[in-house]
Amino acid sequence: MSGAVFRGGWDVVRGRERLPAADQPGGRLGLPAGFLIGADGRVLAAEYGEQAYDQWPVEELLHLASSHRHAAGRPPER
């Protein structure tokens, strides 16, 4: 990681990059996001948080996973 930090700093010094803004929307670390990814690697659903502790409710995530399994023509697992 220190190599990446050095290269990034060097790019800032050379004028190829800018420093990150001091006040960023969602804070310095950003906001959470969750993704449901299918077996083929496609993103089936996405949820973008509005607060630092936002997360997908478990019931909703299970429902989404189940509905995508049915849509793909696979019988539900039991």
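In this chain, residues are counted from 1 in sequence order.
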Which atom pairs, one a donor and one an acceptor, fall under 3.5 Å between side chains of residues 36-51 and the rest of the protein, sequence neighbours left out?
from, atom 1, to, atom 2, distance (Å)
Asp40, OD1, Arg42, N, 3.1
Asp40, OD2, Arg42, NE, 2.7

Count the heavy atoms belonging to other residues, nucleotides or ligands that lie under 6.0 Å from CZ of Arg16, then report whether that count exceeds 12.
no
Whichever hydrophobic residues join Leu62 through chains of side-chain contacts under 4.5 Å:
Val58
Residue list, side chain to side chain contact (heavy atoms under 4.5 Å, CB included) with Arg18, at least two apart or on another chain:
none
Counting only heavy atoms not in Glu60, do more than 12 sit closer than 6.0 Å to its CD atom?
yes
